[in-house]
Each structure stands twice: as C-alpha cells, then as structure tokens.
Amino acid sequence: MAAKRKLAENPNSELIDFLHELADYEKNVSRMIHKYNAYRKAASSIAKIDHKIQSITDIKGLEGIGKKIAAKIEQYLSTGKIKKLETNRGDETGAAINQMTRVMGIGPTHANKLVHQEKITSIDELRSHPKRDQLLNKTQQLGLKYLEEFEQKIPRDEIKQMETILLREITAMDNLLRAEIVGSYRRGATASSDIDVLVTHPAVAKLPSLLHKIVETLTKQFHFITDTISIGDSKFMGVCQIDTSKLHRRIDIRVFPSEQYYCALLYFTGNDQLNRHMRIVAQEQGYKLNEYSIQKVGSTGTLSKPLPVTSERDIFDYLQMDYKEPHERNM
DNA sequence: GAGACATCGCATATAG
DNA sequence: CTATATGCGT
DNA sequence: GTCTC
C-alpha cells in the first residue's frame with residue numbers, strides 16, 4: 001500500500017481564504033449581500049487555477065474579478081497583506097458581529113442588534129448572558145447549543161449508516177414511500193456539512209400530514225431526530241444523531257409529489273454550478289428549469305405545462321446534454 | 001450610470 | 001383572528 | 001463589487 005498522502009491543497013488557498021473573509025465582513029457587518037456574493041464568485045474563479053498565482057496577469061480577465069479585487073490581489077502578491085482586510089480585522093465590533101453569525105438562526109440583522117444594543121462581544125458572553133433566553137428565538141437557542149457540533153463535517157461513513165436507518169424506517173412506514181439522501185453525499189463527497197433527504201409518495205397531495213408522521217416516527221420511535229427547527233407540509237429542518245456517541249447533525253427532509261421528484265433530485269444533488277449551467281442551457285433551448293419542473297417557454301413568454309419527467313436522465317435529454325452521473329457533477 | 005445579482009418555505013413580528 | 005413583511009437558511 | 005444594458 002502506497003504511503004497515505006494528504007490531498008494536495010489548493011496552491012492559492014491563502015488568497016481564497018482572504019477573499020472569503022472579505023466576503024463575510026460584507027455580508028455580516030456591512031449587510032451587503034451582493035458584495036459578499038461578488039467576493040465569493042471571485043474566490044471560486046481563483047480556486048479553479050491549479051498553479052500558484054505569481055503575478056496579476058495570471059488573474060486579469062478572470063470571471064468576477066474587476067478593478068477593485070484585482071488591486072487587492074496585487075497588494076497581496078507584493079506585500080502578503082490586503083489593507084482593507086487588515087482594517088476589517090482591526091474593527092472589534094465587526095469581529096464580534098461575525099462571531100454572532102456563527103450561530104444558526106443569527107443572521108446579519110440579529111448579530112448587529114446583539115452587539116450594538118446588548119454589547120455582547122463573544123459567543124462566551126452570549127452563552128453566559130443573564131437574558132440569553134429572551135435575546136434568542138428557538139432556532140437560535142438550538143444553534144447556540146449545538147454551535148461547535150454543527151461546525152464539524154460529517155464523515156461519509158456516518159451518513160451511510162444514517163442512510164441505512166432512514167431508508168429502512170421510511171419504507172417500513174409505507175412501502176410506497178421513496179427516499180434518497182442528496183447533496184454532496186450523493187455526489188460522492190467523503191464528508192458533508194449536513195444531511196439532505198428527499199422523499200416522495202404517489203399520493204402526497206392527499207397526505208398533507210405525511211412529513212409530520214415521518215418526523216414523529218423518527219423522533220419518538222427511534223430518537224434519531226433530536227430537535228425540530230421548523231416543519232411544514234413540505235419541508236422539515238432539524239437535528240439528528242445516529243447514536244449518543246456521535247455528534248448532533250443538521251438534517252433537512254423535503255417532500256415532493258412524484259411528478260416533481262426528479263427535478264428536485266437533480267436540483268438538490270447539485271452542485272450549484274451545474275444547476276446554474278443547466279438553467280442557462282435550458283433558457284437557450286427555450287425551456288425553464290427549476291427544482292419543481294421543466295417547462296417550454298412560448299414565444300410570448302408563456303409557459304407550457306410541466307413536461308413529463310420520470311428520471312434525471314429525462315431532463316438531460318430535453319436539454320440535449322450528456323447524462324452526468326452524480327459523482328460527475330462536481331464542477 | 002442604473003439596476004440585477006434565485007427563489008421560496010417556515011418562524012416570527014407587525015398591521016389591521 | 002387574518003394578511004402581510006422581514007429574517008433566515010436554502 | 002462586478003457585470004450588463
């Protein structure tokens with residue numbers, strides 16, 4: 001057996017981290033979500049470069065990199081630092097706000113409120129705050145409770161074990177039920193940040209309580225689901241744990257009618273880049289594609305009825321694209 | 001130079 | 001109570 | 001912040 005070697009890391013990972021840090025500041029502190037997305041887009045362009053960036057000419061013209069970001073990269077190449085980033089880091093209030101947003105359910109708005117109005121400057125202070133329960137809603141309280149656990153990636157093997165249990169128990173409830181774990185797990189990832197489950201049933205329209213029953217069973221019978229963040233007729237968001245020796249994990253369960261199942265399967269398997277690509281191809285070919293359906297776009301912009309789809313392959317076929325296996329969808 | 005930058009389900013706050 | 005707006009995560 | 005119109 002050959003020596004086990006750490007997977008080669010991206011040669012520009014430091015620069016990418018810097019851009020992500022600039023992105024986070026814009027989202028959480030400045031509350032400029034589009035600047036956040038702009039920095040993320042630039043970072044993902046750079047992530048595609050497989051050699052170490054030596055000069056600004058290596059990145060000039062890259063998608064999502066304009067004058068301002070190019071200038072920052074230039075600074076980074078010549079000095080190893082980015083002024084704007086150093087300034088951000090010197091902003092203690094901003095740093096505190098960023099910390100607050102680590103908690104699930106605390107977004108930019110609430111994070112700013114906690115820091116500016118309540119003068120909370122760290123997660124520890126939030127945890128020990130006398131009015132903690134009044135300052136946080138239920139989701140945020142769960143987020144705080146499980147903060148460190150949710151920041152750990154889930155090994156593929158653990159998801160595999162969950163899959164065995166989930167599929168067995170869901171089918172046992174009703175053998176017409178069909179379920180799959182999607183997301184990066186389905187694409188073959190060795191670790192994932194959460195578990196995303198898709199469920200379908202031929203008579204789902206007549207079973208508005210289906211999701212509630214599934215969740216109730218997984219909670220009460222098997223103690224697999226430990227907490228509910230939110231639940232409606234079509235989407236559950238919550239927390240699960242395979243056994244008490246393992247960490248708590250974020251899990252989402254979505255229910256779709258059969259005719260929408262494969263569009264949903266494609267969409268929630270991703271990745272994001274493939275989804276965007278396929279939406280554009282669809283548009284070019286006169287279709288509209290989303291997580292629910294694929295429809296023909298008429299000359300006046302009118303939409304046809306959803307086209308019949310009985311497999312993911314059907315969608316690739318409509319778009320005249322070569323079928324991609326899930327593990328080939330990491331773009 | 002102005003406007004777009006995805007969309008939507010659920011929880012919660014607010015208005016009526 | 002119902003209708004609508006906002007925040008959040010996706 | 002970047003891109004398109």
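First the proteins, then the strands, lettered A, B, ... as listed; each starts at 1.
Nearest approach of A:Ser258 to A:His201, heavy atoms of both residues: OG-O, 3.7 Å. Counting all heavy atoms, side chain and backbone alike, A:Ala179 lies closest to A:Val197 at CB-CG1, 4.4 Å.
When the P atom of C:dG7 is taken as reference, atom CZ of A:Arg31 falls 8 Å away, rounded to whole Å. In this structure, the CG atom of A:Asn28 is 12 Å from the C1' atom of C:dC8, given to the nearest Å. Here C:dT10 presents its P atom at 10 Å from CZ of A:Phe150, a figure rounded to the nearest Å. Here C:dG7 presents its P atom at 11 Å from CG of A:Asn112, a figure rounded to the nearest Å. Remark: C1' of C:dG7 and CE of A:Met100 are 18 Å apart, rounded to the nearest angstrom. Distance, A:Tyr25 OH to D:dG1 C1': 16 Å, rounded to whole Å. Distance CD1 (A:Ile73) to C1' (D:dG1): 12 Å, rounded to an integer number of Å. Atom CD1 in A:Ile253 sits about 20 Å away from atom P in C:dG9, given to the nearest Å.
At a threshold of 4.0 angstrom between heavy atoms, the contacts of A:Tyr36 with the nucleic acid are absent. As judged by a 4.0 angstrom heavy-atom cut-off over every strand, A:Met32 is placed among residues making no nucleic acid contact. In this structure, A:Arg250 reaches the sugar-phosphate backbone alone: every heavy-atom distance under 4.0 Å involves primed, P, OP1 or OP2 atoms, never a base.
Between A:Tyr292 and A:Phe256, the two ring planes are tilted [angle within 30° to 60°].
Within a 6.0 Å radius of NZ in A:Lys296, other residues, nucleotides and ligands contribute more than 12 heavy atoms. Within 6.0 Å of the CD atom in A:Glu328, the count of heavy atoms belonging to other residues, nucleotides or ligands exceeds 12.
The backbone N or O of A:Lys41 lies less than 3.5 Å from a partner atom in the side chain of A:Ser44, making a donor-acceptor pair.
Between the side chains of A:Tyr25 and A:Asp91, at least one donor-acceptor pair of N or O atoms lies under 3.5 Å. A:Thr79 and A:Gln75 share no side-chain donor-acceptor pair at under 3.5 Å. Using modelled atom types and a 3.5 Å distance limit, the side chains of A:Glu21 and A:Tyr39 yield no donor-acceptor pair.
B:dA6 and D:dC3 are spaced 15 Å apart, taking the P atom of each and rounding to whole Å. C:dT6 and B:dT7 have their C1' atoms separated by 16 Å, given to the nearest Å.
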Can you give me the N/O atom pairs linking the protein to nucleotides 3-5 of chain D at distances under 3.5 Å, or say none if there are none?
| residue | atom | partner | partner atom | Å |
| --- | --- | --- | --- | --- |
| D:dC3 | OP1 | A:Gly64 | N | 3.0 |

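Contact check, A:Lys84 against D:dG1: no side-chain N or O comes under 4.0 Å of OP1 or OP2.
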Nucleotides 4-14 of chain B: protein proximity per nucleotide (B base, S sugar-phosphate only, - neither; heavy atom, under 4.0 Å): -BB-SBSSS--
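In the set C:dT10, D:dG1, C:dG7, C:dG7 carries the atom at the smallest distance from any side-chain atom of A:Thr109.
The hydrophobic cluster around A:Val297 extends to A:Leu303, counting ILVMFWY residues whose side-chain heavy atoms fall within less than 4.5 Å of a member.
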